[in-house]
Amino acid sequence: MPDTPRRTYADLFRTPEFSPLFLSSSASIAAQTVSGLALGTLVFRATDSPLLSAVSMFGPALAQVLGATFFLSGADRLPPRATLAGLSLSFAAATAALALPGLPVWAMLLIVLVEGLIASLGGGVRWGLLTEILAKDGYLTGRSLFNMMSGLMQIAGYAAGGVLVTLLSPRLCLLLAAALYGTSAALALRLARRPPRVSGRPSVTATWRANARLWSARPRRHVYLALWIPNGLVVGCESLFVSYDPRAAGTLFACGALGMLAGDVTIGRLLPARLRPRLGIPLQALLAAPYLVLFLRPPLPVTAVLIALASVGFGASLVQQERLVALTPDELSGHALGLHSAGMLTMQGVAAVLAGTVAQFSSPATAMSVMALASLAVTLTLTLASRRDAPDGGLLPTRAAVPSA
């Protein structure tokens, strides 16, 4: 079957409401990047602990599981414009609080866990709105562009953040991040007022009912597990960059973002639809394999190249997200994508804790290799299990394209 024409990136910006959603998300990603590096550095300087540094940067994701369990029904039942603006303002206030002088480390960790809890709605609202603005057939191209933006914002944010943390102070960087969150809120208010996709109030019961419905189908379960676990374990490797090389952490994060950008461009725009499903599993293997070398402590340039190469593998999530969107009813699109986002971030938080714990008793380099080996093992296990259940391997799309992570 011939590939169907896809929208160009220029077409997306001519679509009403796409630009304010894109720009608001860009400011939010920049804020998250700068604040994460600043906070991780601040905690590491105060404690000299790889575990606490990793938890401070990625621990908020642990709270996502609570949001996915209790609040996720709001992704389709709350007005998108007001919700996105309100979430950004909440992050601005919390990030400004992190910059308070003399704030103890336990209070910092409590604040970032609260941030993770309120962020649990963000992914579902944002990506559900994107399916409305672009429709399902435009989701892959739009999400690819969002992922590219995320990569560019991370490259710029980690590069600038690394310089600012060194020249100024982590607390000033946190205040800069709070201002960026405020900018994100102002941009979100430029979106049109839209009613919720589903009538009724958000509730715990509605959240559980929708989660059960999404989880009941075996193909969706395979997609969710493939989206959550292998790349979550690799993010555990990334959570150790600060303790692995405190002076070069910004460079390593930027190289990872550059590799992710290359993977998203390749999968989202360059490859024809008929080839994308074949690359999901090889890309997941690429995501982990280069980290196996880091226990040898190669020179910084080699380490940077390995991290960039590994991060190309994050493009696998575009293939898997496309399948998730194809398998999901329209009225559950926000909830389904929110569940993906919350589960992915929760796994990243769990992996950061695991990686930090292993590093605490061995070394950051050894912990990275251990997490990479675990990621490869999970990818192999899921591949074998899904191939027993479906002729296409279960993890791969059954039609032209499937959304990204």
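The first residue in the sequence is number 1, and the count goes up from there.
Between Leu129 and Leu191, the closest side-chain pair of non-hydrogen atoms falls below 4.5 Å. Put simply, the side chain of Phe13 reaches to within 4.5 Å of the side chain of Leu145, judged on heavy atoms. Phe253 has its side chain out of reach of Thr33: every pair of non-hydrogen atoms, C-beta onward, lies at least 4.5 Å apart. Looking at heavy atoms from C-beta onward, Leu286 lies in side-chain contact with Val312 at the 4.5 angstrom threshold. Looking only at side-chain heavy atoms (C-beta outward), Leu21 and Leu84 come within less than 4.5 Å of each other. Under the 4.5 Å side-chain criterion, counting only non-hydrogen atoms from C-beta, Thr95 is not in contact with Leu180. For the pair His335/Asn211, a side-chain contact is recorded, criterion being any heavy-atom separation below 4.5 Å from C-beta on. Using a 4.5 Å heavy-atom cutoff, the side chains of Gln320 and Trp228 are not in contact.
Taking CZ of Arg45 as the reference point, atom OG of Ser169 lies at 8.0 Å (rounded to 0.5 Å). Put simply, CD1 on Ile281 and OG1 on Thr383 are 3.5 Å apart, with the number rounded to the nearest 0.5 Å. Atom OG of Ser28 sits about 7.0 Å away from atom CZ of Phe91, to the nearest 0.5 Å. Note that the CD atom of Gln360 and the OG atom of Ser243 stand 9.0 Å from one another [nearest 0.5 Å]. If you take CG on Leu258 and CG on Leu309, they are separated by 11.5 Å, rounding to the nearest 0.5 Å. Leu339 CG to Leu324 CG: the interatomic distance, rounded to the nearest 0.5 Å, is 8.5 Å.
Here the side chain of Thr303 pairs a donor or acceptor atom with the backbone of Pro299 at under 3.5 angstrom. Under the 3.5 Å distance criterion, the side-chain polar atoms of Arg220 are matched with a main-chain donor or acceptor of Arg213. Within the 3.5 Å criterion, the main-chain N or O of Ala192 finds a donor-acceptor partner in the side chain of Glu17. Judged by distance alone, the side chain of Ser35 and the main-chain N or O of Gln32 form a donor-acceptor pair under 3.5 Å. Side-chain atoms of Ser88 do not come within 3.5 Å of backbone N or O of Ala85 as any donor-acceptor pair. For Ser375 (side chain) and Met371 (main-chain N/O), no donor-acceptor pair under 3.5 Å exists by modelled atom type. Side chain of Ser49 to backbone of Phe44: no donor-acceptor contact under 3.5 angstrom is found. For Glu238 (side chain) and Gly256 (main-chain N/O), no donor-acceptor pair under 3.5 Å exists by modelled atom type.
Across all non-hydrogen atoms, the minimal contact from Gly236 to Ser239 is O-OG, 2.6 Å. In terms of heavy-atom proximity, Leu233 sits nearest to Ala351 at CA-CB, 3.9 Å. Across all non-hydrogen atoms, the minimal contact from Ala97 to Leu103 is O-CD2, 3.5 Å. Closest approach of Gly40 to Val242, counting heavy atoms only: O-CG1, 4.4 Å. Between Phe18 and Leu130 the shortest heavy-atom distance is CE1-CD1, 3.9 Å. Taking all atoms of both residues into account, the shortest heavy-atom contact from Leu287 to Ser311 is CD1-CA, 4.4 Å.
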For side chain to side chain contact (heavy atoms under 4.5 Å, CB included), just list the numbers for Thr131 and Leu337, CA-CA rounded to whole Å, side-chain angles, deciding distance to a tenth of an Å, and then say yes or no. CA-CA 10 Å; Thr131 62; Leu337 293 168; 4.0 Å; yes
May I have the step-by-step check of side chain to side chain contact (heavy atoms under 4.5 Å, CB included) for Met368 and Phe295, ending in yes or no? CA-CA 7 Å; Met368 287 182 185; Phe295 80 97; over 6 Å; no
Working for side chain to side chain contact (heavy atoms under 4.5 Å, CB included), residues Leu189 and Arg81: CA-CA 6 Å; Leu189 291 175; Arg81 176 177 178 266; 4.1 Å; yes
Decide yes or no on side chain to side chain contact (heavy atoms under 4.5 Å, CB included) for Val125 and Leu78, but give the supporting numbers first. CA-CA 8 Å; Val125 175; Leu78 293 173; 5.6 Å; no
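Applying the 6.0 Å contact sphere to CH2 of Trp215 captures more than 12 heavy atoms from other residues, nucleotides or ligands. Around atom CZ of Arg194, more than 12 heavy atoms belonging to other residues, nucleotides or ligands sit under 6.0 Å away.
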